[in-house]
Amino acid sequence: MQLSREDLLDSYRRMRTIRAFEDRLHDEFALGGIPGFVHLYAGQEACAVGMCMNLTDEDMIGSTHRGHGHCIAKGCDVEAMMLEIYGKKGGLCGGKGGSMHIADLAKGMLGANGIVGGNPPLAVGAALAAKTLKTGKVAVSFAGDGASNQGTTFEAMNMAVVLQLPVIFVIENNGYGEGTGVSYAVGAKDIAQRAAAFGMPGVTVDGSDFFAVHEASREAVERARAGGGPSAIEMRITRYYGHFEGDPQLYRAADEVPGLRENLDCLKKFRQRVTETKLLEAAQLDAIDRDVATLIDRAVAKAKAAEFPGAADLTTDVYVKYA
Amino acid sequence: MAKKTFRQAINETLFQEMRRDPRVIVMGEDVAGGQGGSGQIDAYGGPLGVTKGLIGEFGASRVIDTPITESAIMGAAAGAAVNGLRPVAELMFVDFFGVCFDQIYNQAAKFRYMFGGKAKTPLVIRTTIGAGFRAAAQHSQTLYPIFTHVPGLKVVIPSNAYDAKGLLTQAIRDDDPVIFCEHKLLYDTTADVPDDAYTIPFGEAEITRDGDDVAIVAFGRMAHFANEVADKLTKEKISVRVIDPRTTSPLDEDTIIEAVEDTGRLVIVDESPPRCSIARDIAGLVVEHAFGALKAPIAQVTCPHTPVPFAPPLEDLYIPSPAKIEAAVRKVMAYKG
Ligand SMILES: Cc1ncc(C[n+]2csc(CCOP(=O)(O)OP(=O)(O)O)c2C)c(N)n1
Ligand SMILES: [Mg+2]
């Protein structure tokens, strides 16, 4: 599928929204307004967006603790996300989930996840439902390099192959799981090859190259939709901020992140590519940047002003019906 | 004797026990941190800084950073324990027991019994528990009732830095598998902690306040709330005995029953949902063994039967509070047959 100009603008808007959302949360967290843990996705935007541009609202994704980017890429409402992260009424989960549990089933977003390796089996289940009910949907599991070592991930991959399910395992290899490097924690040389050993196609792409991610994702999604079974894509990428906000990142050399920001930034690379090839004009991208900045300002202001859920909400929604 | 934080007390214990016995190893995710990175080793020292510095003294062969793979961590620790090591394995948040429970409760807990008394499994699993960290449903539970339910496991819930050191030393020297639950909100609390090693036996409650009108049994962070309430009510001449059992398995049943016989009134505080909780367990014990002494129904102050909510005001409502404990004490005091 050739990306139209609208698709390119849409892709850029989603990536820019993720970046602005996360940069702003970084600042707001430092000021002390945000409860709990937040794990920011800045740097990895092309992975979520390059994949999700190939999906419809009906397709499903499973996400991680670092889930804001996946949510935005899949079309979740930014204001409702911000409300959720502040724990407020009107948040995507009514303020009861928070950053680590944002979900929007109507958008095919099956939830961020506090458990590393929690979502790959769930994505397999979503694919099982799609295949059984013949809906034509596909499911995507986003997981990190760290999660790629979890037994749940291996088990999910094997089962997906055995049942030939329409599921794609995206491994976002950002070099670290918390403070431990991939070269130490992943025994195999290559995560994609390890996935391939389960009996599915496994490829590696430069996760900072939106176009490479998009192309690899397109192939995998088409294969899954056509009944060709699961695939795995390892996306090599970096994260800009700490594992969680407040992490001083002592496990990274001081020049590591600045160098990557300078040379491997997915937004910069995208802008350069589309303007040099005259697919889009810089002014169009600048206009998106301004729109996005306004959107984020509004979302934060609204979240700060909103009310917390009330005491009665504590005990609702544990069950559909009980006793 | 120096004031030390709960975190320092545990850190010091690990140093001392690793020096004392070369078979003691520490393993878990980012217990040092920085392996395979471009920066410093020991960048984490455990996500909450509890194992900091160990790798510098004992090296990577005894302070083992693992991949994120809890089943293999707990299983390997159990397997190493029956084969001559004395592992202290870290389960970063108790909530993650869901990915590794088989290795703990079907394997480690049962070896000795299943093998006719032949196995020893000197394994300690250190884990963090508790709400109040704004960490939402999957990082805030206590779950100690689940471990307490399993024959073969010992379960420890220290409420202060002094107990943390004595109980962890005991846990490491103990020949059975021990689940050692550290409440996240206690790490920065301080107490007088002796520099030399000492042990506190399991199954021995501490009476932190003496009194004869009513008894409160409370664990971990809740013990502090119970003390606070006791101190407040003393001024109104309500004399409250506070019991911190310190371990739920074994449980110091005698001290609890004696308190009920002396006071006739019992409030149990448990930072867990109410069903199949330690609160119900102790209530059952008392009804069975001290029914005749009760002057009022037993009051239980627990969390509601819900997951832990994210929104801070809801989370605050979720956790038993000093106000709720005080209300429960007043209710049992006011009870008239
Ligand atoms: C089962 C489980 N183990 C450990 C953790 C703690 N933890 C949260 S994120 C994380 C690192 C995950 O690394 P990776 O999968 O590479 O994702 P990244 O953070 O790099 O996006 C760890 C160890 C957890 N949440 N769940
Ligand atoms: Mg990672």
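In what follows, every chain begins at residue 1, and chains take the letters A, B, ... in the order their sequences are listed.
Proximity to chain B is absent for every atom of A/Leu83, based on heavy atoms less than 4.5 angstrom apart. Proximity to chain B is limited to the side chain of A/Thr152, based on heavy atoms less than 4.5 angstrom apart. The part of A/Tyr86 that comes within reach of chain B is its backbone (N, CA, C, O), which places non-hydrogen atoms under 4.5 angstrom from that chain. Interface residue A/Glu256: only side-chain heavy atoms are found under 4.5 Å from chain B. Contacts between B/Glu315 and chain A at a heavy-atom distance below 4.5 Å are absent for every atom of the residue. If you measure heavy-atom distances from A/Asn113 to chain B, the contacts under 4.5 Å come from both the backbone and the side chain. Proximity to chain B is limited to the side chain of A/Tyr176, based on heavy atoms less than 4.5 angstrom apart.
Between chain B and the residues A/Val186, A/Asp255, A/Asn149, A/Leu314, the largest count of heavy-atom pairs under 4.5 Å involves A/Leu314. In terms of heavy-atom pairs under 4.5 angstrom with chain A, the leader among B/Thr69, B/Asp30, B/Thr306 is B/Asp30. When each of A/Ala253, A/Gly91, A/Gly87, A/Ala311 is checked for heavy-atom pairs under 4.5 Å with chain B, A/Ala253 comes out on top. Ranked by heavy-atom pairs under 4.5 Å with chain B, the first of A/Ser183, A/Gly97, A/Gly151, A/Gly117 is A/Gly97.
Across A/Gly146 and B/Ile68, no two heavy atoms sit closer than the pair CA-CD1, 3.7 Å. Of all non-hydrogen atoms in A/His101 and B/Ala136, the two that sit nearest each other are CD2-CB, 3.6 Å. Taking both residues in full, the closest heavy atoms of A/Gln150 and B/Val99 are given as NE2-CG2, 4.4 Å, listed atom of the first, atom of the second, then distance. Smallest separation of non-hydrogen atoms from A/Phe308 and B/Pro312: CE2-CD, 3.8 Å. A/Arg252 approaches B/Ser38 most closely through the heavy-atom pair CA-OG, 3.4 Å.
At a cut-off of 3.5 Å, with distance as the only test, no side-chain donor of B/Asp65 or A/Thr180 sits close to an acceptor on the other residue. Judged purely by distance below 3.5 Å, without hydrogens or angles, the side chains of A/His243 and B/Tyr44 never pair a donor atom with an acceptor atom.
In A/Glu307, the CD atom is not crowded: 12 or fewer heavy atoms of neighbouring residues, nucleotides or ligands sit closer than 6.0 Å. Residue-environment remark: CE (B/Met92) exceeds the threshold of 12 foreign heavy atoms within 6.0 Å. Atom NZ of B/Lys331 has 12 or fewer neighbouring heavy atoms from other residues, nucleotides or ligands inside a 6.0 Å radius.
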Query raised in the report: Given the rule in the side chain to side chain contact (heavy atoms under 4.5 Å, CB included) test, do A/Tyr251 and B/Gln35 qualify, once you have shown the distances and angles that lead to the verdict?
Result: CA-CA 8 Å; A/Tyr251 48 86; B/Gln35 301 285 6; over 6 Å; no

Query raised in the report: Could you go step by step and tell me if B/His305 and A/Tyr322 meet the side chain to side chain contact (heavy atoms under 4.5 Å, CB included) rule?
Result: CA-CA 12 Å; B/His305 185 62; A/Tyr322 194 52; 3.5 Å; yes

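A heavy-atom distance below 4.5 Å is not found between the side chains of A/His65 and B/Gln138.
Within the model, atoms CG of B/Leu317 and CG of A/Asp313 stand 10.5 Å from one another, a figure rounded to the nearest 0.5 Å. Rounding to the nearest 0.5 angstrom, the gap separating the CD1 atom in A/Ile115 from the CG atom in B/Asp95 is 6.0 Å. Atom CZ of B/Phe310 and atom SG of A/Cys93 lie 10.5 Å apart (nearest 0.5 Å). With values rounded to the nearest 0.5 angstrom, A/Thr315 atom OG1 is found 12.5 Å from B/Tyr318 atom OH. The structure places NE2 of B/His139 at 4.5 Å from CE of A/Met100, a figure rounded to the nearest 0.5 Å.
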